[in-house]
Amino acid sequence: MDYDFIEIEKKWQAWWAEHKTYKAEPDTTKPKYYVLDMFPYPSGAGLHVGHPLGYIASDIFSRYKRLKGFNVLHPMGYDAFGLPAEQYAIQTGQHPEKTTHQNVARYREQLDRIGFSYDWDREFRTSDPDYYKWTQWAFLQMFGSWYDNGLQKARPIAELEAAFAEGGSAAVDAANNDAPVFTADEWTGFTEKEKADILMHYRIAYQGESTVNWCPALGTVLANDEVKDGYSERGGYPVFQKKMTQWQLRVSAYAGRLLEGLDRLDWTDSLKEMQRNWIGKSQGAEMVFKVTCDGKQHDVTIFTTRADTVFGVTFMVLAPESEWVEKLTSASQKEAVAAYLEQVKKKTERERIAGKAVTGVFSGSYALNPLTGAEVPVWISEYVLAGYGTGAIMAVPAHDSRDYAFAKKFDLPVIPLIEGADVSEDSFDAKEGVMMNSGFLDGLTVKEAIPAAIDYIEANGLGHRKVNYRIRDAIFSRQRYWGEPFPIYFKDGIATPLPTEELPLTLPEINEYKPTEAGEPPLARAKDWTYGGYPLETSTMPGFAGSSAYYLRYMDPHNDKALVSPEADGYWRNVDLYIGGTEHATGHLIYSRFWNKFLYDLGYVCEDEPFRKLINQGMIQGRSNFVYRIVNTNTFVSFGLKDRYETTEIHVDVNIVRNDRLDIEAFKRWRPEYEHAEFILEDGEYVCGWAIEKMSKSMYNVVNPDYVCNTYGADTLRLYEMFLGPIEQAKPWSTDGIDGVNRFLKRFWRLFWDRDTWLVTDGEPTRAELKTLHKLIGKEQEDIENFSYNTTVSAFMIALNELQGCSKRAVLEPLLILLSPFAPHIAEELWHQLGHEDSIVYAAFPEYRPEYTVDSSIKYPVSFNGKTRFFLEVPASATPAEVEAQVRSHGLTPKYVGDLSIAKMIVVPGRIVNVVLKK
RNA sequence: GCCCGAAUGGCGGAAUUGGUAGACGCGCUGGACUCAAAAUCCAGUGUCCCUUAAAGACGUGCCGGUUCGAGCCCGGCUUUGGGCACCA
């Protein structure tokens, strides 16, 4: 019998599906383990060879954990709402549902061919009404909640209303956006509308005005993580800053907990660091500057981390979007300021960042330095951001490079505050040195001066300590069609939640997917988009809405009473292993943690962090191949000879190149213009050039897994993707070397079959065979736990080399179990040929017996300190007496045996043995 | 500019974490089988000196240090990948 991977893979994929081999149900007799892949957005291009890398790794881990006796939950689904399907709908009129459906079907077909052990009964799409019902439900929970800063948790909004009735706005310490101040009596006297407006400032999902990223080309606002360098991440269109009223999620309220929680997670340091930077905690102080404008006085609060530098303040700056701008612009400067604001508004985000030109305008008002009493001018400049701190800063040009650049441009004074700092050319930003020109701070180091200054400020009522976070609330509205509708209607102008029994609020049919002529979102086109006669919200939720709690839904995907039942949540708890790319570091992985913490506060889930351990698989880049056409001819010259001619480099489809050798016949068929191409060969072959580039259609370097499955089989694909290198590392795809992995499987097969002869016998394994087997067991265990799959594959190849001709059942049976996570089809086939009726997934991982693997041996002699030492390797479990015996067995006389918990030396006359302990 | 990470043969990558660098695979060279090819199997394959071999010397981006011993630790660079970037 030959290794017919096509037949074998088809057969077992069908068998697994029919027997629901990978179905997972809560089982309290076993420990649970939840392995999750970041689910894909089903794009029109289908799955390419880079997608399955993480899926294969997680599948191997899942299968390994099952063999180790865990009850494994390993689901898969689709992040199905999103821009591409909608853009396609706008162009073609095809309903995004239809496009998505086709794409999902294709993804599923491709996934099925790779032999994943997903529990497909738990599959869903985020665009299924049964699913997005719970996205809408979660939104309503957020709408109906506020964040108590004292308790550091979300609470029902009714409790806030009760507190207001009791003690007015001062009664609570709640996260809010510029909520007004009022007494209990005032609260009771407010109209319904007034109350609703106030509560809106406290809700965790709220409607509020803020500066948003507006993308005119897409006709929608975007979240910060959807904007890269001033362009939309999807589509690459320019993004503008615009003040708009939008639904937002109060992620900022959770900043402290999102930061702290990182310490308890088993994620890579680089990813945690990215999140820390994104959250951006900084400690400092808020202080009040008295500002006079046309004779009127105002208290303007600023935030600073350098309270020690107040003596060096020579001006103040407001953000152009700051609400202070209007109040602090003097009559005489009105025109100049208006002109400046107009100019700023026109710029894209990109231009603001990239230009870095120093711009600004004098407001006409003056502030008093609270420590020195000096009068300083107030300026307006775009280098101050409205969204961070208070939107107003005190400027210390001597010790802040941005302030310095501004001072130089507008000729403002610079007062150095640190001894020896030369500020004639540049500011001195470092937080080191000894203070001067700073009154009571003189002589202190910067590190001492910062707290001393804040203490003084607090003691004199000028301000207080304050922690600021960079992270902003997430913009949650999208002016698009293909997303979850908001379950909100506007009753007399009051945003009102739909009753939960009305959920899901399904997407209405519309005839066109564009915004309306009036610039309203596409849902405004829907007929009768109302509830109880009141208009429904017309924007939809962003892509991250559906992906924020999907891991919870997998635990209980068919429940129509709850997002997840307490029983299912209590059993599966959270994701033990999450595998996906780093590109979600500041998007999905922040939103999900926020979403989960919110549900945790309300008691719907039992764990406050969703993803315990996270592995980032590296991107698979494309490896492009080139042919070289001699200029003005149809002749192609092989890579090694191309320098003798003047040539043009042309991308060639990598699917007709093997090991950098061009399949000339396929090339001729590839394009009509190459049908009669001529070739100048090297040693009878055409060698192609190559380069590492992003995998893309236009570079003809996209490798489809179907191709590999057809040519080599899924098991080869799985082994090869793992063999390519460490999972976290970005690496180029190439089919070089895939033959080696395929050869391994064919040789493995031949341990069982020599053509049509069944080779398996019942003989007793030799000591050497047991050593090979147990070395592999130990290695595989260790490697899988460390996600070092490439070395496991190597270990298999070594074991196979050592086991040539060994067809003993007692060796082959455990070997199959070891192989099954990596190459499940061939393992399952041979497992059944050995006479087993049940799937190999029900087998137990073989027990590792270290005593078979380590023999003590003298490694090599080394001379130092005038003595010769020998390195002796012994098992870590060895006692001193055993070590002594070992030393004697090598003809050496031990003089001293040290503590064996660490490597120690055994001294012999003139010679020392260094004992190296082996685990 | 700031913060992480990486650098090892012709290539992908190993190296028990301070102990014989280059496992395993690819590629390449030679051989066996074959009329031939494919497939398969066997042997060789870091560099230099050399007809070859033995032996030797050199060798983990560069310079220096610690150590009996450094790919691994320390100091200073170079190149490169990624993230953040007016965050006061």
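Chain naming here is simple, since letters A, B, ... match the order of the sequence lines and numbering starts at 1 in each.
Using a 30° and 60° split on the angle between ring planes, Trp753(A) and Trp749(A) fall in the parallel class, below 30°. Relative orientation of the Tyr848(A) and His774(A) rings is tilted, given thresholds of 30° and 60° on the angle between their planes. Relative orientation of the Tyr383(A) and Phe406(A) rings is tilted, given thresholds of 30° and 60° on the angle between their planes.
Between Lys746(A) and rU40(B) there is a side-chain N or O to OP1 or OP2 distance below 4.0 Å. One finds a side-chain N or O of Asn790(A) lying less than 4.0 angstrom from the OP1 or OP2 phosphate oxygen of rA14(B). Residue Gln729(A) places at least one side-chain N or O under 4.0 Å from the OP1 or OP2 atom of rG13(B). Side-chain N/O atoms of Arg743(A) include one lying less than 4.0 angstrom from OP1 or OP2 on rU40(B). Checking the phosphate oxygens (OP1, OP2) of rG25(B), a side-chain nitrogen or oxygen of Asn801(A) falls inside 4.0 Å. Contact annotation: Tyr383(A) side-chain N/O to rA88(B) OP1/OP2 distance is not under 4.0 Å. Contact annotation: Ser282(A) side-chain N/O to rA88(B) OP1/OP2 distance is under 4.0 Å. The phosphate of rG83(B) has neither OP1 nor OP2 within less than 4.0 Å of any side-chain N or O from Arg276(A). For the pair Arg750(A) and rC41(B), the criterion of a side-chain N or O lying under 4.0 Å from OP1 or OP2 is met.
Taking the C1' atoms as reference points, rA55(B) lies 29 Å from rU67(B), given to the whole Å. Taking atom C1' on both nucleotides, rC42(B) is separated from rC48(B) by 29 Å, rounded to a whole Å. Rounded to a whole angstrom, the distance from the P atom of rA57(B) to that of rU78(B) is 35 Å. Distance noted for atom P between rG46(B) and rC11(B): 14 Å (whole Å). Taking the C1' atom of each, rC63(B) and rA70(B) are spaced 16 Å apart, rounded to whole Å. rG12(B) and rG27(B) are spaced 11 Å apart, taking the C1' atom of each and rounding to whole Å. Comparing rC62(B) with rA7(B), their P atoms are spaced 13 Å from each other, to the whole Å. A distance of about 13 Å separates the P atoms of rA6(B) and rG61(B), rounded to the whole Å.
For the atom pair Arg306(A) CZ and Ile454(A) CD1, the distance stands at 11.0 Å (nearest 0.5 Å). For the atom pair CG (Asn790(A)) and CG (Leu724(A)), the distance works out to 9.0 Å, reported to the nearest 0.5 Å. Between atom CG of residue Asp2(A) and atom CZ of residue Arg750(A) there is a gap of 9.5 Å, rounded to the nearest 0.5 Å. The CG atom of Leu719(A) sits 7.0 Å away from atom CE of Met797(A), with the distance rounded to the nearest 0.5 Å. Here the CZ-CD distance, from Phe787(A) to Glu728(A), works out to 9.0 Å after rounding to the nearest 0.5 Å.
The side-chain hydrogen bond (donor to acceptor under 3.5 Å, both in side chains) test with Tyr712(A) is passed by exactly one of Asn742(A), Asp739(A), Thr735(A): Asp739(A). Each of Val212(A), Ile475(A), Val239(A) was checked for a side chain to side chain contact (heavy atoms under 4.5 Å, CB included) with Leu222(A), and the lone residue meeting it is Val239(A).
Look at rU78(B): its glycosidic torsion is beyond 90° from 0, and that puts it in the anti range. Syn is the glycosidic conformation of rG9(B), whose angle stays within 90° of 0.
For the pair Lys731(A) NZ and rA7(B) P, the interatomic distance rounds to 14 Å; values are reported in whole Å. One atom, CD of Gln275(A), and another, C1' of rG83(B), lie 12 Å apart when rounded to the nearest Å. In this entry the distance linking CD of Glu782(A) with P of rA23(B) reads 20 Å, nearest Å. Rounded to whole Å, atom P of rC26(B) lies 12 Å from atom OH of Tyr712(A). Atoms CH2 (Trp324(A)) and P (rA88(B)) sit 22 Å apart, rounded to a whole Å.
RNA chain B contains the following stems of three or more consecutive Watson-Crick or G-U pairs, with both distances under 3.5 Å: B:1-7 with B:78-84, B:10-12 with B:24-26, B:27-32 with B:40-45, B:46-48 with B:56-58, B:61-65 with B:73-77.
For the pair Asp429(A) (side chain) and Ser401(A) (backbone), a donor-acceptor distance under 3.5 Å is present. Between the side chain of Ser252(A) and the backbone N or O of Arg472(A), no donor-acceptor pair lies under 3.5 Å.
Across all strands shown, Ile393(A) has heavy atoms under 4.0 Å from base atoms, whether or not it also approaches the sugar-phosphate.
Here the side chain of Arg747(A) is nearest to one of rC86(B), rC41(B), rC24(B), namely rC41(B). Of the candidates rA88(B), rG25(B), rA15(B), the closest approach to any side-chain atom of Thr304(A) belongs to rA88(B). In the set rG13(B), rC3(B), rC24(B), the nucleotide with an atom closest to the side chain of Pro726(A) is rG13(B).
Residues of residues 718-725 of chain A that place a heavy atom closer than 4.0 Å to RNA chain B, in numerical order, are Phe723(A), Leu724(A).
Nearest-nucleotide positions on RNA chain B for Ser794(A) and Ser788(A) put Ser788(A) closer to the 5' end. When the nearest nucleotides of RNA chain B are assigned to Gln804(A) and Ala730(A) by heavy-atom distance, the more 5′-ward of the two goes with Ala730(A).
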